[in-house]
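Before any comments, here is the structure.
The model shown is predicted, which means the values in this text are computed figures rather than measured ones.
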Amino acid sequence: MKLATQFRGTLVAIEEKSMTGSNNKYYQLAVLQGSEATSMSCTEEVYKQNKELFKEYVFGMQISEYEGKKSLRVTGIYDLPGTAAADPGKDKDKK
């Protein structure tokens with residue numbers, strides 16, 4: 001079973017890791033929400049977004065369950081609604 005949700009938080013860190021003795025790569029990020037922080041896995045696409053650290057975003061997350069094991073994975077990082085970055089047409093000069 002897979003569920004999707006979104007939450008707000010501050011991106012604290014994002015990194016690429018490799019399994020010991022292997023070329024397999026995986027990606028993790030750290031998110032701060034209030035006074036609580038956690039590390040979560042993310043997709044390669046999320047890693048390549050090059051988002052600014054210590055900035056608040058909306059995170060898309062997938063919650064999966066397979067054979068009784070649950071996993072969380074960030075599937076997207078989005079600018080907050082109403083910000084100039086989220087609305088590129090907002091700050092254009094009107095002629």
Side-chain angles (χ1 to χ4, degrees):
M1 176 177 74
K2 292 182 182 181
L3 299 173
T5 189
Q6 293 182 339
F7 66 94
R8 285 175 70 156
T10 301
L11 181 62
V12 177
I14 189 163
E15 63 184 341
E16 176 183 304
K17 294 185 172 188
S18 296
M19 299 183 92
T20 306
S22 172
N23 287 335
N24 293 337
K25 296 178 184 176
Y26 63 100
Y27 307 92
Q28 284 193 302
L29 52 79
V31 176
L32 177 68
Q33 194 175 50
S35 62
E36 300 288 327
T38 191
S39 178
M40 296 191 292
S41 66
C42 65
T43 63
E44 182 178 8
E45 292 78 18
V46 167
Y47 173 77
K48 290 181 176 181
Q49 280 186 292
N50 294 319
K51 292 292 187 175
E52 185 178 336
L53 297 181
F54 303 104
K55 185 175 172 189
E56 190 173 21
Y57 295 100
V58 174
F59 295 84
M61 184 171 67
Q62 183 181 69
I63 304 165
S64 301
E65 182 178 8
Y66 180 72
E67 295 182 355
K69 295 182 182 179
K70 292 184 176 87
S71 67
L72 305 173
R73 178 186 282 204
V74 175
T75 56
I77 302 176
Y78 311 99
D79 293 307
L80 294 176
T83 63
D87 186 4
K90 183 178 180 181
D91 292 331
K92 286 186 179 177
D93 294 332
K94 294 181 181 178
K95 294 184 180 181

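Cluster annotation: Y27 is connected to M61 through the hydrophobic network of ILVMFWY side chains, with a link wherever side-chain heavy atoms come within less than 4.5 Å. Both L72 and Y47 are part of a single hydrophobic cluster, where members link through side-chain heavy atoms under 4.5 Å apart. Transitive grouping of hydrophobic side chains (ILVMFWY, heavy atoms separated by less than 4.5 Å) brings L53 and M40 into a common cluster.
Just one of V74, L3, T75, T5 meets the side chain to side chain contact (heavy atoms under 4.5 Å, CB included) condition when paired with Q62; it is T75.
When all heavy atoms are compared, the tightest approach of I14 to C42 is CD1-SG, 4.3 Å. The two atoms that bring Y78 and G60 nearest to each other are CE1-N, 3.9 Å, heavy atoms only. Listed here is the closest heavy atom pair of G76 and V46: N-CG2, 3.4 Å. Heavy-atom minimum distance, Q33 versus F7: NE2-CD1, 3.9 Å.
Applying the salt bridge (Lys or Arg N to Asp or Glu O under 4.0 Å) rule to pairs touching residues 67-76 yields nothing, sequence neighbours excluded. Sorted by first and then second residue, the salt bridge (Lys or Arg N to Asp or Glu O under 4.0 Å) pairs with a member in residues 21-37 read E16-K25; sequence neighbours excluded.
By the side chain to side chain contact (heavy atoms under 4.5 Å, CB included) test, K51 pairs with L11, Q49, Y57, I77, D79, sequence neighbours left out.
A donor-acceptor pair under 3.5 Å is absent between the side-chain atoms of T38 and the main chain of V31, judged by distance alone.
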